[in-house]
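Working notes for the structure below.
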Amino acid sequence: MFGDALLALAYPQACVICGRSVEQRRFGVACEWCWKETRIFTDDDEICLKCGSPGPPACGRCEVLAVTAARAVGVYKDALRESALMLKRRANVPRHVEQLLVAAALRKPLSLSTRVVPVPLHPKRLKTRGFNQASIIAETVSKPLELALDEVSLVRVSSPEKYRAGLDVKGRRDTVAGAFKVSHPKLVAGEDILLVDDVFTTGATVSACAEVLLAASAKSVFVLTLARA
Ligand SMILES: [Zn+2]
Ligand SMILES: [Zn+2]
């Protein structure tokens, strides 16, 4: 903890990837050079229009997902991976990462969003970790996007002990099914939700959230993540 505090104050610091110095705080844990090497999606990328995976407009693997559309800043590698890992330890989104997130949220169809909702942590887990990294991202983007931040409507009800690493898509889906509920349906009804999380892996978690949000009459559920694995 003390080490992290020092790290947050001392710039230039060493890039966690290549060891060169990170000259500007805005780049966070990676240097400008490593950011240039990091795959960031642009308008020119061919992606699945629903889940955002690189490739053809319909990937053929995401039909089961309840989300309207999902987009990530880029691939879970290099500077994005390191930034996502750091965000689990420190409740701060560096300026460069914020700008990348906002740029991704301003592209269609996510630009239709009317309300920002983070993927919640179970209260028990929140207590041990101290903060929810999805909430930190949601807070960060809601201001520049001028959208309402809603941290109360969606809650996690299943116990955190149920999480298991290394499960396949179906296993993960079973694990998160019924894990979420909407506690304030009036707040999400008719809204285009921008559901925010740190990393998109199988999509099972955001899909479980989308199911309950749509059941509570949300118009659509768009997903924004920092990276996709
Ligand atoms: Zn570097
Ligand atoms: Zn897809």
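Numbering of ligands and ligand atoms starts at 1, following listing order. In what follows, every heavy atom counts, from backbone to side chain, and hydrogens, waters and symmetry copies are set aside. In this text the structure is predicted, and so the values were computed from the model without any measurement.
- The closest side-chain heavy-atom distance from Pro118 to Glu151 is below 4.5 Å.
- Counting heavy-atom neighbours within 6.0 Å of Arg129 CZ, excluding the residue itself, gives a total above 12.
- Using modelled atom types and a 3.5 Å distance limit, the side chains of Thr225 and Asp197 yield no donor-acceptor pair.
- Under a hydrophobic clustering in which Ile, Leu, Val, Met, Phe, Trp and Tyr are joined whenever their side-chain heavy atoms come within less than 4.5 Å, directly or via other members, Val102 and Leu112 fall into the same cluster.
- Inter-residue side-chain proximity for Phe41 and Pro54 is flagged as met; some heavy-atom pair is nearer than 4.5 Å.
- Of the residues listed (Arg115, Glu191, His184), the one engaging Asp150 in a side chain to side chain contact (heavy atoms under 4.5 Å, CB included) is Arg115, and it is the only one.
- Annotation: protein N, O or S atoms under 2.8 Å of the Zn ion (ligand 1) (waters excluded) comprise Cys15 SG, Cys18 SG, Cys31 SG, Cys34 SG.
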Between Arg39 and Asp78, does the salt bridge (Lys or Arg N to Asp or Glu O under 4.0 Å) criterion hold? Intermediate values first, please.
CA-CA 8 Å; Arg39 173 97 188 264; Asp78 307 316; over 6 Å; no

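- Contact annotation: the side chain of Val141 never approaches that of Glu98 to less than 4.5 Å [non-hydrogen atoms, C-beta and beyond].
- The set of protein atoms (N, O or S) found at less than 2.8 Å from the Zn ion (ligand 2) reads Cys48 SG, Cys51 SG, Cys59 SG, Cys62 SG, by chain and number.
- Both Val67 and Val182 belong to a single network of hydrophobic side chains, linked directly or stepwise wherever heavy atoms of I, L, V, M, F, W or Y lie under 4.5 Å apart.
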